[in-house]
Amino acid sequence: MLAESAGAVVVGAVVQERGSVHPGTLVRRGKVEELAHLARERRADLAIFDQDLSPAQIKNLEKEIEAKILDRSGLILDIFARRARTREARTQVELAQLRYLLPRLTRQWSHLSRQVGGIGQRGVGETQLEIDRRIIRKRIARLASDLKDIEKERHERRKKRSAVPRVALIGYTNAGKSTIMNLLTGAMARVENRLFVTLDSLVRRCERGGRPPFLVVDTVGFIRKLPHHLVASFRSTLEEAAGADLLVHVVDSSSGALEDQMRSTRDTLDDLGHADDPCLLAFNKIDQAPEGVLERLRTEHPEAVFLSAIDPKQADLLETRVRAGLRAARPADVPVPPAASMRAAWALDSGSGS
Ligand SMILES: Nc1nc2c(ncn2[C@@H]2O[C@H](COP(=O)(O)OP(=O)(O)OP(=O)(O)O)[C@@H](O)[C@H]2O)c(=O)[nH]1
Ligand SMILES: [Mg+2]
């Protein structure tokens with residue numbers, strides 16, 4: 001699905017059992033030959049490894065397989081580069097691409113510069129590949145400083161809105177976050193059966209039925225083994241989501257890998273320092289999930305909400321659960337009875353000396 005999201009057509013796949021890593025080519029000799037044969041037979045232009053490769057491994061593999069070699073991080077970076085629209089997203093992607101490229105420059109240089117266009121090249125053009133590391137470092141510094149400015153602007157905008165509670169939709173890519181955004185707020189966020197359709201965060205008000213509004217934030221999805229350069233570059237975008245009053249962790253309940261996907265999301269949140277934020281678990285796509293799976297999930301996660309975001313009738317259910325989550329997460333907004341506030345004052349006072 002990652003390959004297809006980058007516009008590739010998958011003509012074959014090969015699996016290597018774990019355990020026997022060959023330092024020069026990652027996979028064993030026999031596998032390299034098998035791959036080379038398959039690539040020739042199916043006329044593949046590209047061989048994608050679902051794992052990161054060292055620059056030397058890419059070089060060695062490329063010699064034998066006669067196709068362009070791309071690793072998982074390179075592929076994800078390519079998808080991001082294709083999707084980036086706003087100045088912030090473009091800056092973040094370019095920064096991640098250059099940071100990814102920098103250590104690969106020494107040996108890959110002449111080799112990479114021969115290749116034109118194609119997957120894994122977008123955004124970093126021919127001319128940029130010909131400039132030296134010093135200039136790339138300079139560019140990285142420049143982009144990082146631009147990002148700081150963009151973040152500042154965002155921070156200002158955000159301060160103005162801070163009185164209204166914020167709910168952030170987070171979760172694995174393709175889980176249905178944007179669909180839920182549209183369901184709650186009537187936004188027209190782009191929804192597609194591809195990975196990483198959403199890159200920029202979008203904030204909209206939910207004010208259904210004249211009830212007090214809250215803000216909903218839709219943002220970039222997570223994925224297993226997200227390249228760390230991307231996490232670093234998208235930190236502020238992710239922070240926008242993670243800094244909300246309530247997280248709604250959207251899970252595709254019809255996915256065969258839902259446990260893995262939940263774990264990846266939790267790990268990424270942990271990396272961002274938001275593992276303990278108030279969170280409502282939302283199992284989406286129940287219309288497609290096997291009954292047995294739903295039964296098990298309902299037992300294991302009785303506190304979660306189960307829905308199908310493509311059904312407009314389920315907006316009320318979700319909104320009710322989100323409001324309950326917000327009430328629990330923002331006790332500061334709930335008037336405190338006098339006795340309790342006395343206790344709070346006492347606690348503050350006696351704590352100040354220690
Ligand atoms: N059957 C079914 N499909 C759904 C449901 N919710 C979303 N989808 C579909 O799942 C796909 C992904 O939905 P999105 O809302 O784009 O997912 P996302 O989490 O925003 O994905 P990214 O922005 O790419 O990370 C689309 O094809 C949606 O139509 C649901 O409840 N049931
Ligand atoms: Mg989306």
Side-chain angles (χ1 to χ4, degrees), residues 158 161-172 175-187 189 201-219 221-222 238-254 258 261-262 265-266 268-270 272-287 289 293-337 339-341 343-344:
R158 191 168 151 179
R161 296 189 304 233
S162 61
V164 185
R166 294 164 68 83
V167 175
L169 304 168
I170 54 132
Y172 213 76
K177 299 175 296 297
S178 299
T179 310
I180 289 186
M181 172 81 174
N182 295 345
L183 180 75
L184 283 176
T185 69
S201 43
L202 177 70
V203 186
R204 286 284 180 274
R205 267 165 193 266
C206 172
E207 38 193 2
R208 304 174 66 251
R211 291 178 286 273
F214 59 86
L215 296 173
V216 184
V217 186
D218 179 23
T219 191
F222 301 155
L238 294 169
E239 285 288 328
E240 168 100 11
D245 299 290
L246 176 71
L247 303 178
V248 176
H249 177 177
V250 183
V251 180
D252 175 355
S253 60
S254 72
L258 77 104
Q261 301 187 347
M262 287 172 74
T265 302
R266 277 195 234 100
T268 311
L269 272 184
D270 202 14
L272 293 166
H274 289 279
D276 298 323
D277 288 8
C279 188
L280 170 68
L281 199 51
F283 288 103
N284 188 32
K285 307 197 191 180
I286 55 168
D287 57 299
V293 170
L294 284 181
E295 217 167 278
R296 176 173 60 77
L297 289 174
R298 281 185 206 276
T299 320
E300 282 172 12
H301 305 280
E303 74 296 343
V305 56
F306 290 78
L307 81 156
S308 172
I310 49 170
D311 174 8
K313 291 198 293 291
Q314 308 205 8
D316 282 340
L317 162 80
L318 182 61
E319 190 195 337
T320 306
R321 294 299 309 272
V322 167
R323 285 188 186 278
L326 270 177
R327 271 196 302 279
R330 291 196 25 148
D333 289 351
V334 179
V336 182
S341 67
R343 267 203 305 280

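A quick note: this is a predicted structure, and the numbers were derived from the prediction, not measured. Note: hydrogens, waters and symmetry copies are ignored here, and every other heavy atom, side chains too, is used.
Scanning for side-chain hydrogen bond (donor to acceptor under 3.5 Å, both in side chains) contacts around Q261 gives S255, with sequence neighbours left out. With sequence neighbours excluded, no residue forms a side-chain hydrogen bond (donor to acceptor under 3.5 Å, both in side chains) with N182. Shown here are the side chain to side chain contact (heavy atoms under 4.5 Å, CB included) partners of S178, two or more places apart in sequence or in another chain: A189, V191, T198, D218. Looking at residues two or more places apart in sequence or on another chain, you find no side-chain hydrogen bond (donor to acceptor under 3.5 Å, both in side chains) involving R321. When the side chain to side chain contact (heavy atoms under 4.5 Å, CB included) test is applied to R266, the partners found at least two apart in sequence or on another chain are M262.
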Donor-acceptor pairs are to be reported for all side-chain atoms of residues 303-314 against protein atoms at under 3.5 Å, with residues two or more places apart or in another chain.
unit_1: S308; atom_1: OG; unit_2: D287; atom_2: OD1; d: 2.8
unit_1: D311; atom_1: OD1; unit_2: K313; atom_2: N; d: 3.0
unit_1: D311; atom_1: OD2; unit_2: Q314; atom_2: NE2; d: 3.1
unit_1: Q314; atom_1: OE1; unit_2: S308; atom_2: N; d: 2.8

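Annotation for D270 and A275: closest pair OD1-CB, 3.5 Å, computed over non-hydrogen atoms. Taking each heavy atom of V293 and S253 in turn, the nearest pair found is CG1-O, 4.0 Å. In plain terms, the two heavy atoms of D277 and H274 that are nearest each other are OD2-ND1, 2.6 Å.
Contact check for L184 versus I180: side-chain heavy atoms found under the 4.5 Å cut-off. Put simply, the side chain of R323 reaches to within 4.5 Å of the side chain of P212, judged on heavy atoms. Within the 4.5 Å cutoff, side-chain heavy atoms of D245 are placed close to those of L326.
With N284 contributing its side chain and A175 its backbone, the two residues share a donor-acceptor pair below 3.5 Å.
Taking CZ of F283 as the start and CG of L294 as the end, the distance is 9.5 Å to the nearest 0.5 Å. One distance of note links CZ of R166 with CG of L247; it measures 11.0 Å at 0.5 Å rounding. Considering CZ of R208 and CG of L318, their distance stands at 9.0 Å, rounded to 0.5 Å. Distance CD1/I170 to NZ/K177: 9.0 Å, rounded to 0.5 Å. Between D252 atom CG and I286 atom CD1 the span is 12.0 Å, to the nearest 0.5 Å.
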As a quick check of understanding, evaluate side chain to side chain contact (heavy atoms under 4.5 Å, CB included) for L258 and L297, giving each step before the final call. CA-CA 11 Å; L258 77 104; L297 289 174; 3.9 Å; yes
